[in-house]
Amino acid sequence: MRALEDDLFPSTPGKVKIERAGGAMNRQLHRCFASTSTMFLWALFLVAMTASYLSFQSFVDTSSKYFAASWGGLHWERQIRASAAPRRPPGSAAGAGMSVLVTGASGFVGAHCSLALRKRGDGVVGIDNFNAYYDPSLKKARKALLASHGVYVVEGDINDGRLLAKLFDVVPFTHVLHLAAQAGVRYAMENPASYVHSNVAGLVTLLEACKNADPQPAVVWASSSSVYGLNDKVPFSESHRTDQPASLYAATKKAGEEITHSYNHIYGLSVTGLRFFTVYGPWGRPDMAYFSFTRNILQGKPITVYRGKNHVDLARDFTYIDDIVKGCLGSLDTAGRSTGTGGKKRGPAPYRIFNLGNTSPVTVPTLVSILEKHLRVKAKKHVVEMPGNGDVPFTHANISLARQQLGYKPTTNLDAGLKKFVKWYLSYYGYSRGAKNL
Ligand SMILES: O=C(O)[C@H]1O[C@H](OP(=O)(O)OP(=O)(O)OC[C@H]2O[C@@H](n3ccc(=O)[nH]c3=O)[C@H](O)[C@@H]2O)[C@H](O)[C@@H](O)[C@H]1O
């Protein structure tokens, strides 16, 4: 049975039908068709207008949510300026104080450094994208801690060049402490693109902003012990080979060293790269072994302990967070000035690389037994051969260069550092109150 619409909108072209019909009927049909097709065109036009209006609205909504709610505006600028203002007493021996932009400020090392800078009177503004690589509530808690000390953390990504340009517009930062990164050695096999996004593309966007800033800041940033890769000369020295990365993570950090070198060479940016050796401590990263082992041990779950070839234990030069903070602040204090302006350098600027390690590697089974001691719980160990996932069998830092040039001198051994970590962990997750809310 034919429906009414079939008559008004024939499936074959109306023009053919009209040609076959004749007289008044023909004219009527013609008028009918003409008005129908006009209506059809109007309907189409209206649909198109509505669609473009809706998509424009959603664009406006998204961008206003991002731009207006996250950053921008007079109030926001006032907060940034207040946070960036150094508060050292006038005539202080340590000078006037720095204004530091800390990227990854709600991360583990970023939060500790931001707090230390603020406590000694430097101005600090943080930026962090609060991604979900690990529990963002821990990052929010670090942000709240920083806020309680007057450090403002902007929610944004280092890939957002407009945001970075705006920050440099509002504050003439003297230094950038760049700690935002996609961390983790093994996760690179699961999500390789996130390493390129943060550690390569994000780094370049940040360096562009630094290069364009007037005055240009000095840049201190986090490289990694993992750049030593398959190097087997120990202890690892800055002059050793770093062209054999064992993971994509390591490769992106090595790329960072080369990229920063080119910005130093062309634009006169002062650059200091710090090769961190397995940093641990309170407010640490839940993805790291010492942290996840603690969680599992307390929950009575098994832990997987990797072992190297021929049953050799893996070892790391575990470095306590307070020592790393001293190395970062020492690097900021000794960083020479950038020399560029308007995209041109006026002379050579410093380019430095330092190991920041502890100089005393400890095996993973020893790490576990120290944790067992402080937690007073025995671990259920599941020992397996190290999978081919980017891990290296051991790390060991030679820190002579950092000692000489930064006055870097680590003072916390793994036992003392893990004791502090466990104390923090039990308190943060409510164990001391018996809540066990993990
Ligand atoms: O120095 C760095 O530059 C890097 O340090 C850190 O990497 P790693 O030294 O690999 O630390 P981490 O994961 O704690 O594993 C420690 C040990 O436990 C072993 N390990 C690990 C997990 C597990 O389930 N079992 C296990 O035995 C594992 O085989 C290893 O032997 C940072 O995460 C990284 O972001 C980067 O900063």
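Numbering of ligands and ligand atoms starts at 1, following listing order. As a basis for the values below, the full set of heavy atoms in this structure was taken, side chains included, without hydrogen atoms, waters or symmetry mates.
- In this structure, K139 forms a cation-pi arrangement with Y134, its terminal cationic atom sitting closer than 6.0 Å to the ring centre and no more than 45° off the ring axis.
- If you look at ligand 1, the protein residues with a non-hydrogen atom under 4.0 Å away are A183, G184, V185, R186, S224, S225, S226, Y249, F276, F277, T278, R285, M288, A289, F293, T304, V305, Y306, L314, R316, V364, D391.
- Distance alone, capped at 3.5 Å, places no donor-acceptor pair between the R285 side chain and the V109 backbone.
- Taking 4.0 Å as the cut-off between side-chain N and carboxylate O, E257 and R275 count as a salt-bridged pair.
- Judged by distance alone, with hydrogens and angles left aside, the side-chain atoms of N264 form no donor-acceptor pair with the main-chain N or O of T260 at under 3.5 Å.
- If you take OG1 on T174 and CG on L332, they are separated by 8.5 Å, rounding to the nearest 0.5 Å.
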Worksheet item: Under the side chain to side chain contact (heavy atoms under 4.5 Å, CB included) criterion, do R241 and K233 qualify, and how do the steps go?
Response: CA-CA 9 Å; R241 283 184 74 171; K233 278 206 271 175; over 6 Å; no

